[in-house]
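Let me begin by presenting the structure, written as C-alpha coordinates, before commenting on it.
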Amino acid sequence: MMPILNQQHFLAEQFHAKDILVIKANYEATLKIKRWKFIHSISALSKNIRMEADNIILNSFLSFIDSHEVLIAEGYFDADLQN
(Lines give C-alpha, C1' and ligand atoms only; values in the text may rest on other atoms or scores of the structure.)
Protein backbone atom coordinates (compact mmCIF):
# COMPACT_ATOMS: atom_id res chain seq x y z
CA MET A 1 0.00 0.00 0.00
CA MET A 2 1.30 3.45 -0.94
CA PRO A 3 1.64 5.98 1.83
CA ILE A 4 -0.95 8.72 1.50
CA LEU A 5 1.37 11.47 2.70
CA ASN A 6 3.71 11.60 -0.32
CA GLN A 7 2.57 10.50 -3.74
CA GLN A 8 4.85 12.87 -5.62
CA HIS A 9 6.47 10.08 -7.67
CA PHE A 10 3.05 8.74 -8.75
CA LEU A 11 1.84 12.23 -9.70
CA ALA A 12 5.03 12.87 -11.68
CA GLU A 13 4.52 9.62 -13.63
CA GLN A 14 0.91 10.57 -14.36
CA PHE A 15 1.96 14.01 -15.56
CA HIS A 16 4.68 12.53 -17.75
CA ALA A 17 2.25 10.03 -19.34
CA LYS A 18 -0.30 12.76 -20.09
CA ASP A 19 2.44 15.02 -21.43
CA ILE A 20 3.48 12.30 -23.88
CA LEU A 21 -0.13 11.97 -25.06
CA VAL A 22 -0.38 15.74 -25.61
CA ILE A 23 2.87 15.76 -27.59
CA LYS A 24 1.62 12.87 -29.74
CA ALA A 25 -1.71 14.59 -30.40
CA ASN A 26 0.13 17.80 -31.30
CA TYR A 27 2.35 15.94 -33.75
CA GLU A 28 -0.63 14.21 -35.39
CA ALA A 29 -2.47 17.53 -35.69
CA THR A 30 0.57 19.13 -37.31
CA LEU A 31 0.75 16.28 -39.83
CA LYS A 32 -2.94 16.68 -40.69
CA ILE A 33 -2.50 20.42 -41.26
CA LYS A 34 0.60 19.89 -43.42
CA ARG A 35 -1.24 17.24 -45.44
CA TRP A 36 -4.18 19.62 -45.91
CA LYS A 37 -1.89 22.44 -47.07
CA PHE A 38 -0.11 20.09 -49.46
CA ILE A 39 -3.39 18.89 -51.00
CA HIS A 40 -4.52 22.48 -51.54
CA SER A 41 -1.19 23.47 -53.09
CA ILE A 42 -1.55 20.94 -55.93
CA SER A 43 -3.82 22.42 -58.58
CA ALA A 44 -4.18 19.18 -60.56
CA LEU A 45 -6.22 17.46 -57.83
CA SER A 46 -9.97 17.18 -58.16
CA LYS A 47 -12.47 19.07 -56.06
CA ASN A 48 -13.60 15.85 -54.36
CA ILE A 49 -10.14 15.23 -52.92
CA ARG A 50 -9.93 18.83 -51.67
CA MET A 51 -13.40 18.62 -50.13
CA GLU A 52 -12.46 15.37 -48.42
CA ALA A 53 -9.34 17.01 -46.99
CA ASP A 54 -11.45 19.95 -45.78
CA ASN A 55 -13.90 17.55 -44.11
CA ILE A 56 -11.05 15.78 -42.33
CA ILE A 57 -9.82 19.10 -40.93
CA LEU A 58 -13.32 20.22 -39.95
CA ASN A 59 -14.11 16.92 -38.24
CA SER A 60 -10.76 16.81 -36.46
CA PHE A 61 -10.31 20.33 -35.15
CA LEU A 62 -13.41 22.42 -35.56
CA SER A 63 -16.07 20.30 -33.93
CA PHE A 64 -18.64 22.06 -31.76
CA ILE A 65 -19.03 20.91 -28.18
CA ASP A 66 -21.79 22.30 -26.03
CA SER A 67 -20.48 24.03 -22.89
CA HIS A 68 -22.97 22.05 -20.80
CA GLU A 69 -21.34 18.79 -21.91
CA VAL A 70 -17.88 20.10 -21.03
CA LEU A 71 -19.02 21.14 -17.55
CA ILE A 72 -20.60 17.73 -16.92
CA ALA A 73 -17.43 15.99 -18.10
CA GLU A 74 -15.42 18.11 -15.65
CA GLY A 75 -17.77 17.27 -12.78
CA TYR A 76 -19.98 20.37 -12.56
CA PHE A 77 -23.71 19.70 -12.66
CA ASP A 78 -26.88 21.80 -12.80
CA ALA A 79 -28.08 21.08 -9.29
CA ASP A 80 -25.94 21.97 -6.27
CA LEU A 81 -26.73 18.63 -4.67
CA GLN A 82 -25.02 16.78 -7.53
CA ASN A 83 -21.74 18.72 -7.27
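Computed from heavy atoms alone, side chains included, the values below leave out hydrogens, waters and symmetry copies.
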Side-chain donor-acceptor pairs of residues 36-44 under 3.5 Å, sequence neighbours excluded:
unit_1 : atom_1 : unit_2 : atom_2 : d
W36    : NE1    : H40    : NE2    : 3.1
W36    : NE1    : D54    : OD1    : 2.6
H40    : NE2    : D54    : OD1    : 2.7
S41    : OG     : F38    : O      : 2.7

Show every donor-acceptor pair shorter than 3.5 Å between a side-chain atom in residues 14-29 and any protein atom, with sequence neighbours excluded, or say none if there are none.
none

* Rounded to the nearest 0.5 Å, what's the gap from CD1 on I49 to CD on E52? Could you check? => 7.5 Å
* Asked: Taking atom CD1 of I56 and atom CD1 of I33, what is their separation to the nearest 0.5 Å?
  -> 13.0 Å
